[in-house]
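As a basis for the values below, the full set of heavy atoms in this structure was taken, side chains included, without hydrogen atoms, waters or symmetry mates. Throughout, a chain's letter reflects where its sequence line sits, starting with A, and its residues are numbered from 1.
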Number of protein chains: 2
Amino acid sequence: MPESTTGTRPTLEAVAARAGVSRATVSRVVNGNAGVRPEFADRVRQAVQELGYVPNHAARSLVTRRYGAVAVIIAEPEFRIFSDPFFEQQVRGISRELTKHDAQLVLLWVEGPGDHERIARYLGGGHVDGALAFSVHNDDGLPSVIRGTQVPTVFGGRPGWPTSDEGDSPVPYVDSDNRGGAREAVRHLVALGRERIAHISGPPDQTSALDRYDGYRDVLLDTDPALLAGGDFTEDGGAHAMAQLLQQRPDLDAVFAANDMMAIGALRVLHERGLRVPDDVAVVGFDDMLPVAANAEPPLTTIRQDVEGMGRVMVRLLMQVLNQDGPDARTEPGVRTPGSVIMPTELVRRASA
Amino acid sequence: MPESTTGTRPTLEAVAARAGVSRATVSRVVNGNAGVRPEFADRVRQAVQELGYVPNHAARSLVTRRYGAVAVIIAEPEFRIFSDPFFEQQVRGISRELTKHDAQLVLLWVEGPGDHERIARYLGGGHVDGALAFSVHNDDGLPSVIRGTQVPTVFGGRPGWPTSDEGDSPVPYVDSDNRGGAREAVRHLVALGRERIAHISGPPDQTSALDRYDGYRDVLLDTDPALLAGGDFTEDGGAHAMAQLLQQRPDLDAVFAANDMMAIGALRVLHERGLRVPDDVAVVGFDDMLPVAANAEPPLTTIRQDVEGMGRVMVRLLMQVLNQDGPDARTEPGVRTPGSVIMPTELVRRASA
DNA sequence: ATGAAAGCGCTAACAG
DNA sequence: CTGTTAGCGCTTTCAT
């Protein structure tokens with residue numbers, strides 16, 4: 001008969017009493033430590049069962065200095081970051097990997113600089129072993145707030161600020177191979193025989209946009225500036241840029257858009273002007289954001305990145321930092337800091353190029 | 001000169017020493033307890049500042065049995081729940097209100113029954129003061145797992161299972177006035193002089209769909225079954241239902257769709273068949289999901305619900321439960337349990353009806 | 001108004 | 001292999 005109705009939750013002590021052993025032995029069994037006579041271990045496990053014992057986390061953390069929790073910090077300068085499918089996938093990857101490591105996800109939603117102090121307090125107050133942050137906008141000082149807390153942190157996406165200040169250890173991050181992927185996209189267009197390849201770039205305050213632009217330039221060393229137009233990663237932005245491009249260089253025969261949404265916008269304008277894709281103009285996107293890319297008219301050739309994988313790798317990287325430096329990583333700067341990870345991308349050929 | 005570089009983080013003890021008072025006094029100041037000589041209080045605050053002291057949460061929780069954290073449990077039978085704008089808004093509301101109450105949001109992402117044990121362990125292990133859950137699908141046993149942990153919980157959306165079993169205290173939830181809103185939608189159509197008002201209902205395993213259907217029936221007591229078609233809350237589902245309706249009752253002059261997405265689908269089909277909205281057929285949706293509703297062709301008349309508000313109210317309700325029963329609510333079932341909250345809806349008139 | 005002391009539930013040496 | 005013993009850092013009576 002379970003004594004779960006006794007009012008107060010059972011402690012280690014109670015389990016020990018019932019099993020007729022010491023608290024230490026119970027602790028060993030509960031934590032899977034070797035070196036307990038099987039007979040005793042069984043008795044303990046049974047007592048745990050009967051009492052419905054669940055270890056008290058606070059008490060444990062107090063002594064181990066481990067919290068079994070990781071903060072995911074979401075800054076939200078843009079309104080829709082949460083409903084961004086891209087972001088969702090990344091959080092999904094993080095959540096899954098965290099579960100594997102028996103760690104909890106604490107969501108820290110930052111709505112503005114007014115929240116910074118709260119974040120710092122939380123991070124500094126011994127709640128989490130580490131943090132995961134996204135380096136979208138970096139002009140608001142949040143990154144330095146995070147770094148100031150000394151909590152081991154891994155960033156998602158290459159930060160826009162210098163990742164290794166003097167003295168400081170480098171900031172680990174994981175990102176897609178934006179530059180390499182962009183190169184592959186453009187090379188594909190070149191291989192197709194295209195000679196006037198335009199580029200619709202993303203917002204210059206995002207490193208992914210910058211890196212993709214750089215990849216484009218790597219292949220097309222001295223491109224005509226008229227083949228360049230800037231967008232904002234939205235469909236309308238892409239449409240607008242495409243219109244501009246068509247005006248500047250009506251003879252263009254290909255366009256590489258820095259993301260799928262802008263490519264969709266470009267496709268729309270191309271269609272409106274009666275230009276055929278890929279016959280007149282070949283189009284390549286970036287992201288392989290499903291179902292957008294696959295259902296485009298025509299289906300979009302693009303660069304796929306493994307977003308969920310990025311999330312998982314962020315966690316693995318963090319766990320590596322934690323297990324290497326130990327829970328007191330914050331006190332003594334780690335000697336070896338694990339590097340960042342750049343995840344490979346892949347060209348997905350569909351009909352648009 | 002801040003001693004933040006001393007390696008180990010400062011404790012209450014250290015602050016006490018520096019301020020020349022006892023630990024108890026520091027504790028009082030830090031927790032804003034009255035009854036400390038201003039002079040001492042100032043000295044303490046200064047020491048806190050200088051040392052960069054942040055209270056250790058685990059130690060505090062161990063004694064207070066409060067965790068300053070609330071779990072948000074997200075079950076994910078549907079793939080896209082996270083990127084659902086509806087859901088995003090609700091979480092936003094929760095997050096904001098939680099911040100106000102100085103509580104953290106711990107995200108518990110449940111991917112299947114395999115995760116149930118983990119969830120139970122976490123909830124039972126003393127991490128959170130309460131939980132917030134969404135009662136979308138209830139056939140997988142998660143609700144009972146949650147209830148089994150005895151952690152005070154508020155549900156989002158009216159649960160589909162009985163909310164007050166024998167003996168048990170009722171499950172508090174917050175929901176929109178789906179039924180009332182539906183009634184208002186249909187009454188509006190009636191007031192417009194429409195006489196053959198069809199309804200596209202949502203999936204019957206969601207109480208919101210059921211309640212909206214009931215609202216429709218409240219007004220149209222004996223409607224022709226041919227005026228009824230079922231959808232699945234998606235645009236395509238709405239289109240399909242509309243086509244079916246048109247075949248069954250080509251003479252219909254209005255349709256109330258159980259959500260905006262289905263209304264959009266209906267609009268599309270109506271347009272394809274050359275029927276004019278609202279002249280030939282008036283259309284009303286539900287949700288007022290922006291920007292979908294406002295940008296529809298024509299702009300959609302719909303029932304607005306305050307989704308962010310629902311999130312906030314969920315938190316307030318939970319806090320009420322917590323402050324009433326105290327941290328040991330789980331041991332002794334509360335005497336007075338706060339009821340659920342039904343949030344008002346509002347008819348938003350645009351062009352479609 | 002302040003301090004001394006006890007103890008929250010657990011883990012981790014250290015003995016045995 | 002097991003038990004004893006010290007705390008982890010904080011709050012909270014209880015004296016003063």
Exercise for review: Please say whether more than 12 non-hydrogen atoms of neighbouring residues, nucleotides or ligands are located less than 6.0 Å from CD in A:Gln46.
Suggested key: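 Open: at most 12 neighbouring heavy atoms sit under 6.0 Å from CD of A:Gln46.
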Indicate whether OP1 or OP2 belonging to [N] is found under 4.0 Å from a side-chain N or O atom of [X].
| X | N | result |
| --- | --- | --- |
| A:Thr64 | C:dT11 | no |
| A:Ser22 | D:dT2 | no |
| B:Arg37 | C:dA1 | no |

Practice item. Look at the side chain of A:Thr99 and the backbone N and O of A:Ser95, then say whether any donor-acceptor pair between them is shorter than 3.5 Å. Key: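 Side chain of A:Thr99 to backbone of A:Ser95: a pair is present.
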Review point. How close or far is atom P of C:dA6 from atom CG of B:Leu62, stated in whole angstroms?
Key: 17 Å
**Study point:** hbond_proxy B:Arg28 side chain to C:dG3 base (donor-acceptor, 3.5 Å cutoff)
**Key:** yes
Practice item. Report yes if a donor N or O on one partner sits less than 3.5 Å from an acceptor N or O on the other, where the partners are the side chain of A:Arg23 and the base of C:dT11; otherwise report no. Key: yes
Exercise for review: Run the numbers on B:Val128 and B:Leu123 for side chain to side chain contact (heavy atoms under 4.5 Å, CB included), then give the verdict.
Suggested key: CA-CA 7 Å; B:Val128 294; B:Leu123 255 23; 4.1 Å; yes
Exercise for review: Indicate yes or no: at least one non-hydrogen side-chain atom of B:Val44 is less than 4.5 angstrom from one of B:Val21.
Suggested key: yes
Review point. Looking at the side chain of B:Asn56, which of C:dT11, C:dC10, D:dG9 is the nearest nucleotide?
Key: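 Out of C:dT11, C:dC10, D:dG9, the nucleotide with an atom closest to B:Asn56's side chain is D:dG9.
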Study note, to complete from the structure: Which of D:dT11, C:dA4, C:dC10 is nearest the side chain of A:Ala59? It is C:dC10
Practice item. With DNA chain D as reference, determine whether A:Gly20 or A:Val63 sits nearer its 5' end, using the nearest nucleotide of each. Key: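 Mapping each residue to its closest nucleotide by heavy atoms, the 5'-most match is A:Gly20.
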